[in-house]
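When a residue number appears, it is its place in the shown sequence, counting from 1. Worth knowing before you read on, the calculation uses all heavy atoms, side chains too, and leaves out hydrogens, waters and symmetry mates.
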Amino acid sequence: MLSLNRDDIQSAFNMAAATDAIRDAYIAQAQSRVQAPDVTYLGFPTSNGDCHVKSGHIEGSEGFVIKIATGFYDNPAKGLPSSNGMNVVFSAETGETLALLKDEGWLTDIRTGIGGALATKALARPGFSKVLIVGAGLQCLFQARALVHLMAGTDLDIAIWARDSAKAQGAVDTLQAEKIAARAVEDLRAATSDADVILTTTPSRSALVRADWVSPGTHITAIGADTEGKQELDLTLVANADLLVCDLAKQSLDHGEFQSAHAAGQINAADVVVLGDVLAGVHHGRSSDNDITIADLTGIAAQDAAISLSVIRAVLAANSSEEDKT
């Protein structure tokens, strides 16, 4: 059995392979080739935290995954990361434990960033450049990194807004140190109106982005709402969008960004397209450059299975190469 810590995982990690694996996982989900029971959720309101347990297997793959992910959103003030967790991988042939991935939540963060980038590239209008990230926590950084990777060769203008302007500037400083161009903004309304793409990454429980702020042609990838009661977008914005896309409809309508509009009876399952169908070309995506499109990503177990297996394959390939040299 492999036992890998965060450093081991990051050393073996291949961004291109992981991106391909997650794209394939979304498509497999859309084609009903994934086993994934309902998510187990634990809430810790007095600590501003939560825990999700997801499990899944992609048909034909060598392993299945059980993932534990925590988010405790006051941790940064204590000098601790807001996310943590681990993935356990088992053989789909024998049930043996293949690997314990003690990633401290890093794999969840990076697979979420990759998912957001895949949705954004697929749904934003061609030639987009102005990107607004709402929120300045860890996921802000992962969304920016993944999008820059996927849009290599494109000059992106990344603006970051947060309730705390010092945190926005801190995220900018981190990204600039990684040679990613970014800037902090203080006027959310103006930044929203100016953006081609908006990425929302907060644990907010009230709408931050208003319908009348969003310009025609804008694409929004909503990441933060993954639990009942969370909301980042104005209900009217969701209800009136030209295209609604999600990773998994039953999650999105129950506890994702689309939950409020669904609960209000303004949208239903027939109004939502799954991302895997867009990535596979089954659905055409946006119809015009003036469409307002929204992707609601709650996170699916197929992503966790795909990224975990991509790490294991990379480690085994590296170990085999070292053995061949001896």
Side-chain angles (χ1 to χ4, degrees), residues 116-117 119-137 139-141 143-144 147 151 156-169 171-172 175 181-226 229-246 252-253 256-267 271-273 285-298:
T120 297
K121 183 177 181 180
L123 294 165
R125 61 190 173 193
F128 77 88
S129 62
K130 296 180 179 179
V131 178
L132 169 64
I133 303 179
V134 178
Q139 199 47 228
C140 162
L141 304 177
Q143 291 294 323
L147 189 59
M151 299 301 298
L156 298 179
D157 174 15
I158 299 176
I160 298 173
W161 177 90
R163 289 188 179 97
D164 185 336
S165 58
K167 290 182 179 178
Q169 187 57 52
V172 167
L175 291 172
R183 57 189 173 87
V185 293
E186 295 189 0
D187 187 335
L188 179 57
R189 179 172 187 164
T192 297
S193 298
D194 190 48
D196 300 320
V197 165
I198 301 169
L199 309 173
T200 60
T201 67
T202 77
S204 178
R205 291 183 173 270
S206 59
L208 298 171
V209 178
R210 301 292 172 181
D212 58 349
W213 299 354
V214 178
S215 300
T218 302
H219 169 70
I220 301 169
T221 297
I223 299 294
D226 59 359
K230 290 184 180 180
Q231 182 184 7
E232 299 182 288
L233 308 180
D234 185 358
L235 185 151
T236 303
L237 173 58
V238 173
N240 292 341
D242 296 287
L243 178 64
L244 300 176
V245 176
C246 67
S252 179
L253 296 171
E257 187 58 52
F258 295 162
Q259 64 179 290
S260 297
H262 182 241
Q266 305 227 7
I267 65 170
D271 298 316
V272 179
V273 175
R286 70 166 47 242
S287 297
S288 81
D289 286 351
N290 289 323
D291 282 355
I292 291 176
T293 59
I294 302 175
D296 176 16
L297 304 185
T298 52

Let me check something: any side-chain donor-acceptor pairs from residues 193-201 under 3.5 Å, sequence neighbours excluded? List them with distances.
from: Ser193; atom 1: OG; to: Arg189; atom 2: O; distance (Å): 3.2
from: Ser193; atom 1: OG; to: Trp213; atom 2: O; distance (Å): 2.7
from: Asp194; atom 1: OD1; to: Lys130; atom 2: NZ; distance (Å): 3.2
from: Asp196; atom 1: OD1; to: Arg125; atom 2: NH2; distance (Å): 2.8
from: Asp196; atom 1: OD2; to: Ser129; atom 2: N; distance (Å): 3.0
from: Asp196; atom 1: OD2; to: Lys130; atom 2: N; distance (Å): 2.9
from: Thr200; atom 1: OG1; to: Glu232; atom 2: OE1; distance (Å): 2.8
from: Thr201; atom 1: OG1; to: Val134; atom 2: O; distance (Å): 2.9

Contact summary for His262 and Ile267, nearest pair of heavy atoms
CD2-O, 3.3 Å
Looking only at heavy atoms, the pair that brings Leu235 and Ser260 closest together is CD1-O, 3.6 Å
Evaluate the criterion side-chain contact (heavy atoms from CB on, under 4.5 Å) for residue pair Thr120 and His219; output intermediate values, then yes/no.
CA-CA 7 Å; Thr120 297; His219 169 70; 4.1 Å; yes
Starting at CD1 of Ile133, measure out to CG of Leu147 and round the result to the nearest 0.5 Å.
7.5 Å
Answer yes or no: is there a side-chain heavy-atom contact under 4.5 Å between Ile292 and Leu237?
yes
About how many Å separate CG of Leu297 and CD of Glu257, when rounded to the nearest 0.5 Å?
11.0 Å
Tell me, do Asp234 and Val209 make a side-chain contact under 4.5 Å, heavy atoms counted?
no
Determine, stepwise, if the pair Val245 / Thr293 fulfils side-chain contact (heavy atoms from CB on, under 4.5 Å).
CA-CA 8 Å; Val245 176; Thr293 59; over 6 Å; no
Measuring from atom CD of Gln259 to atom CD of Gln231, what distance do you get when rounded to the nearest 0.5 angstrom?
7.5 Å
Taking atom CG of Leu244 and atom OG of Ser252, what is their separation to the nearest 0.5 Å?
8.0 Å
Output side-chain donor-acceptor pairs under 3.5 Å for residues 161-168, partner residues at least two apart or in another chain, one line each.
from: Trp161; atom 1: NE1; to: Glu186; atom 2: O; distance (Å): 3.4
from: Asp164; atom 1: OD1; to: Ala166; atom 2: N; distance (Å): 2.9

To the nearest 0.5 angstrom, please state how far the CG atom of Leu123 sits from the CD1 atom of Ile220.
11.5 Å
Taking all non-hydrogen atoms of both residues, which atom of Val185 and which atom of Ala191 are closest, and how far apart?
CG2-CB, 3.9 Å
Are the side chains of Leu132 and Leu188 in contact, using a 4.5 Å heavy-atom criterion?
yes
Taking atom CG of Leu141 and atom CG of Leu175, what is their separation to the nearest 0.5 Å?
5.0 Å
Closer than 3.5 angstrom, by distance alone: can the side chain of Asp291 be matched with the main-chain N or O of Ser287 as a donor-acceptor pair?
yes
Shortest non-hydrogen contact between Val238 and Ala261, atoms and distance:
CG1-CB, 3.8 Å
Minimum heavy-atom separation for Ala171 and Ile160, please, with both atom names.
CB-CD1, 4.0 Å
Asp296 (side chain) donor-acceptor with Phe258 (main chain) under 3.5 angstrom:
yes
Which heavy-atom pair separates Ala241 from Ile294 by the least distance, and what is that distance?
CB-CD1, 3.8 Å
